[in-house]
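Counting starts at 1 for both ligands and their atoms, following the listed order.
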Amino acid sequence: MKLVVCIVHNRDRNKLTEELVREGYKFTVIGSTGGFLREGNTTLLIGVEDEQVAALKSIVQKSCKAREQMVNVMPFEAAPPGAFIPSPVKVPVGGAVMFLMNVDEFVRY
Ligand code: 2BA
Ligand code: 2BA
(Lines give C-alpha, C1' and ligand atoms only; values in the text may rest on other atoms or scores of the structure.)
(Ligands and ions follow the chains in the order given, each with its own letter.)
Protein backbone atom coordinates (compact mmCIF):
# COMPACT_ATOMS: atom_id res chain seq x y z
CA MET A 1 0.00 0.00 0.00
CA LYS A 2 1.12 3.57 -0.69
CA LEU A 3 0.23 6.86 0.94
CA VAL A 4 0.24 9.55 -1.72
CA VAL A 5 0.62 13.15 -0.59
CA CYS A 6 -0.57 15.26 -3.47
CA ILE A 7 -0.39 19.07 -3.49
CA VAL A 8 -2.54 20.80 -6.08
CA HIS A 9 -3.58 24.31 -7.04
CA ASN A 10 -6.92 25.31 -5.54
CA ARG A 11 -8.32 25.84 -9.03
CA ASP A 12 -7.81 22.14 -9.78
CA ARG A 13 -9.15 20.88 -6.48
CA ASN A 14 -12.78 20.31 -7.44
CA LYS A 15 -12.01 18.68 -10.74
CA LEU A 16 -9.55 16.28 -9.10
CA THR A 17 -11.65 15.40 -6.07
CA GLU A 18 -14.76 14.83 -8.20
CA GLU A 19 -12.79 12.49 -10.45
CA LEU A 20 -11.32 10.62 -7.46
CA VAL A 21 -14.78 10.13 -5.95
CA ARG A 22 -16.15 8.98 -9.32
CA GLU A 23 -13.33 6.43 -9.58
CA GLY A 24 -13.89 5.16 -6.02
CA TYR A 25 -10.70 6.37 -4.32
CA LYS A 26 -10.68 7.08 -0.60
CA PHE A 27 -8.86 10.24 0.37
CA THR A 28 -8.60 13.15 2.81
CA VAL A 29 -8.54 16.81 1.78
CA ILE A 30 -6.45 19.32 3.75
CA GLY A 31 -6.38 23.06 3.10
CA SER A 32 -2.72 24.12 2.90
CA THR A 33 -0.52 27.08 2.01
CA GLY A 34 2.40 27.16 -0.43
CA GLY A 35 5.61 28.16 1.32
CA PHE A 36 6.86 30.23 -1.62
CA LEU A 37 3.78 31.98 -3.02
CA ARG A 38 2.00 31.93 0.37
CA GLU A 39 -1.26 31.23 -1.38
CA GLY A 40 -3.79 28.61 -0.48
CA ASN A 41 -3.39 25.24 -2.12
CA THR A 42 -4.83 21.84 -1.38
CA THR A 43 -3.11 18.76 -0.03
CA LEU A 44 -4.71 15.40 -0.61
CA LEU A 45 -3.79 12.27 1.33
CA ILE A 46 -4.68 9.26 -0.74
CA GLY A 47 -4.14 5.75 0.57
CA VAL A 48 -4.08 3.30 -2.33
CA GLU A 49 -3.07 -0.23 -3.15
CA ASP A 50 0.18 -0.46 -5.14
CA GLU A 51 -1.64 -1.57 -8.30
CA GLN A 52 -3.82 1.59 -8.23
CA VAL A 53 -0.87 3.99 -8.30
CA ALA A 54 -0.48 4.19 -12.09
CA ALA A 55 -4.19 4.92 -12.61
CA LEU A 56 -4.11 7.50 -9.82
CA LYS A 57 -1.14 9.28 -11.40
CA SER A 58 -2.95 9.51 -14.70
CA ILE A 59 -6.09 10.97 -13.04
CA VAL A 60 -3.98 13.59 -11.26
CA GLN A 61 -2.08 14.42 -14.44
CA LYS A 62 -5.32 14.87 -16.41
CA SER A 63 -7.03 16.96 -13.73
CA CYS A 64 -4.20 19.33 -12.81
CA LYS A 65 -2.86 21.69 -15.43
CA ALA A 66 0.37 23.66 -14.98
CA ARG A 67 0.17 27.43 -15.50
CA GLU A 68 2.45 30.42 -15.09
CA GLN A 69 2.03 33.09 -12.46
CA MET A 70 3.78 36.41 -11.88
CA VAL A 71 5.15 36.82 -8.35
CA ASN A 72 7.11 39.41 -6.42
CA VAL A 73 9.91 37.42 -4.84
CA MET A 74 10.37 39.96 -2.04
CA PRO A 75 7.04 41.10 -0.58
CA PHE A 76 6.82 44.88 -1.13
CA GLU A 77 6.09 45.62 2.53
CA ALA A 78 9.17 43.59 3.64
CA ALA A 79 11.60 45.76 1.65
CA PRO A 80 13.50 48.43 3.60
CA PRO A 81 13.04 52.06 2.41
CA GLY A 82 15.07 52.79 -0.72
CA ALA A 83 15.70 49.11 -1.37
CA PHE A 84 15.79 47.73 -4.88
CA ILE A 85 12.40 46.20 -5.53
CA PRO A 86 12.79 43.31 -7.95
CA SER A 87 10.30 43.22 -10.80
CA PRO A 88 7.84 40.34 -10.70
CA VAL A 89 9.11 37.01 -11.99
CA LYS A 90 7.17 34.29 -13.77
CA VAL A 91 7.07 30.95 -11.96
CA PRO A 92 5.43 27.80 -13.19
CA VAL A 93 2.67 26.77 -10.78
CA GLY A 94 0.08 24.10 -10.72
CA GLY A 95 0.25 20.74 -12.18
CA ALA A 96 0.61 18.62 -9.11
CA VAL A 97 3.37 17.66 -6.74
CA MET A 98 3.15 14.08 -5.49
CA PHE A 99 5.08 12.24 -2.80
CA LEU A 100 4.57 8.48 -2.68
CA MET A 101 5.39 6.60 0.49
CA ASN A 102 5.23 2.97 1.44
CA VAL A 103 2.68 2.27 4.16
CA ASP A 104 3.94 -0.11 6.87
CA GLU A 105 0.51 -0.73 8.29
CA PHE A 106 -3.07 0.39 7.72
CA VAL A 107 -5.42 -0.03 10.68
CA ARG A 108 -9.10 0.77 11.01
CA TYR A 109 -10.90 0.75 14.39
P1 2BA B 1 -13.85 5.60 6.66
O2 2BA B 1 -13.37 4.61 5.64
O3 2BA B 1 -13.81 5.16 8.10
O4 2BA B 1 -12.98 6.91 6.49
C5 2BA B 1 -13.08 8.02 7.36
C6 2BA B 1 -12.22 9.16 6.83
O7 2BA B 1 -10.85 8.69 6.80
C8 2BA B 1 -12.56 9.52 5.36
O9 2BA B 1 -13.59 10.51 5.31
C10 2BA B 1 -11.23 10.05 4.87
O11 2BA B 1 -11.05 11.39 5.31
C12 2BA B 1 -10.21 9.19 5.64
N13 2BA B 1 -9.78 8.02 4.85
C14 2BA B 1 -10.31 6.80 4.80
N15 2BA B 1 -9.64 6.00 3.95
C16 2BA B 1 -8.65 6.75 3.44
C17 2BA B 1 -7.60 6.50 2.50
N18 2BA B 1 -7.45 5.30 1.88
N19 2BA B 1 -6.76 7.50 2.21
C20 2BA B 1 -6.88 8.71 2.80
N21 2BA B 1 -7.84 9.01 3.68
C22 2BA B 1 -8.72 8.04 4.01
P23 2BA B 1 -14.60 10.51 4.08
O24 2BA B 1 -13.84 10.49 2.79
O25 2BA B 1 -15.53 11.65 4.27
O26 2BA B 1 -15.40 9.13 4.16
C27 2BA B 1 -16.37 8.84 5.17
C28 2BA B 1 -16.84 7.40 5.03
O29 2BA B 1 -17.50 7.25 3.76
C30 2BA B 1 -15.72 6.37 5.02
O31 2BA B 1 -15.36 6.02 6.33
C32 2BA B 1 -16.30 5.23 4.22
O33 2BA B 1 -17.12 4.43 5.03
C34 2BA B 1 -17.17 5.97 3.20
N35 2BA B 1 -16.44 6.16 1.94
C36 2BA B 1 -15.46 7.05 1.68
N37 2BA B 1 -15.00 6.95 0.42
C38 2BA B 1 -15.73 5.96 -0.15
C39 2BA B 1 -15.74 5.40 -1.46
N40 2BA B 1 -14.92 5.83 -2.44
N41 2BA B 1 -16.61 4.38 -1.69
C42 2BA B 1 -17.42 3.95 -0.72
N43 2BA B 1 -17.46 4.46 0.54
C44 2BA B 1 -16.63 5.44 0.82
P1 2BA C 1 4.60 27.18 -3.35
O2 2BA C 1 5.64 26.91 -2.31
O3 2BA C 1 3.71 28.35 -3.16
O4 2BA C 1 5.37 27.27 -4.77
C5 2BA C 1 4.68 27.65 -5.98
C6 2BA C 1 5.62 27.56 -7.16
O7 2BA C 1 6.68 28.53 -7.02
C8 2BA C 1 6.32 26.20 -7.29
O9 2BA C 1 5.49 25.32 -8.02
C10 2BA C 1 7.61 26.55 -8.00
O11 2BA C 1 7.41 26.67 -9.41
C12 2BA C 1 7.90 27.96 -7.49
N13 2BA C 1 8.84 27.88 -6.34
C14 2BA C 1 8.61 27.36 -5.13
N15 2BA C 1 9.68 27.48 -4.32
C16 2BA C 1 10.61 28.10 -5.06
C17 2BA C 1 11.96 28.52 -4.78
N18 2BA C 1 12.52 28.30 -3.57
N19 2BA C 1 12.64 29.15 -5.78
C20 2BA C 1 12.07 29.36 -6.99
N21 2BA C 1 10.79 28.99 -7.32
C22 2BA C 1 10.09 28.37 -6.36
P23 2BA C 1 5.51 23.78 -7.67
O24 2BA C 1 6.93 23.28 -7.58
O25 2BA C 1 4.61 23.11 -8.68
O26 2BA C 1 4.90 23.62 -6.22
C27 2BA C 1 3.54 23.84 -5.96
C28 2BA C 1 3.32 23.72 -4.46
O29 2BA C 1 3.65 22.39 -4.06
C30 2BA C 1 4.23 24.62 -3.63
O31 2BA C 1 3.64 25.90 -3.49
C32 2BA C 1 4.31 23.86 -2.31
O33 2BA C 1 3.12 24.07 -1.54
C34 2BA C 1 4.28 22.42 -2.77
N35 2BA C 1 5.63 21.86 -2.91
C36 2BA C 1 6.40 21.88 -4.03
N37 2BA C 1 7.56 21.25 -3.80
C38 2BA C 1 7.51 20.82 -2.50
C39 2BA C 1 8.43 20.08 -1.67
N40 2BA C 1 9.64 19.66 -2.13
N41 2BA C 1 8.05 19.80 -0.41
C42 2BA C 1 6.84 20.20 0.06
N43 2BA C 1 5.93 20.91 -0.67
C44 2BA C 1 6.28 21.21 -1.94
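Q52 places none of its side-chain heavy atoms less than 4.5 Å from the side chain of K2. Between S63 and D12, the closest side-chain pair of non-hydrogen atoms is not below 4.5 Å. Counting heavy atoms from C-beta on, the side chains of E39 and T33 never come closer than 4.5 Å. Between T28 and L44 there is no side-chain heavy-atom pair separated by less than 4.5 Å. Annotation: side chain of R67 is in contact with side chain of H9 (closest heavy-atom distance under 4.5 Å).
The contact set between ligand 2 and G34, taken as ligand atoms under 4.0 Å from a residue heavy atom, comprises 1 (P), 2 (O), 3 (O), 31 (O), 33 (O). Residue contact check: V97 has heavy atoms under 4.0 Å from atoms 25 (O), 26 (O), 29 (O), 36 (C) of ligand 2. Annotation for ligand 2: atoms under 4.0 Å from non-hydrogen atoms of L37 are 1 (P), 3 (O), 5 (C).
Nearest heavy-atom pair, L100 versus V53, reported as atom, atom and distance to 0.1 Å: CD2-CG1, 3.5 Å. Between I46 and C6, the closest heavy-atom pair is CD1-CB, 4.4 Å. Looking at every heavy atom in both residues, R13 comes nearest to V8 through CA-CG2, 4.4 Å.
No N or O atom of V91 sits closer than 3.5 Å to an N or O atom of ligand 2. Ligand 2 has no nitrogen or oxygen under 3.5 angstrom from a nitrogen or oxygen of T33. For the pair I7 and ligand 2, the shortest N or O to N or O distance does not fall below 3.5 Å. Residue-to-ligand polar distances keep F99 apart from ligand 2: every N/O pair is separated by 3.5 Å or more.
Near ligand 1, residues G24, Y25, K26, F27, T28, L45, I46, G47, R108 each place a heavy atom inside the 4.0 Å sphere around the ligand atoms.
Residue G35 places a heavy atom less than 4.0 Å from ligand 2.
Counted within 6.0 Å of CD on Q61, heavy atoms from surrounding residues, nucleotides or ligands total 12 or fewer; the atom is thus considered open.
Summarising the hydrophobic clusters (Ile, Leu, Val, Met, Phe, Trp, Tyr; side-chain heavy atoms under 4.5 Å, direct or chained), the residues clustered with F99 are M1, L3, V5, I7, I30, L45, V97, M101, V103, F106.
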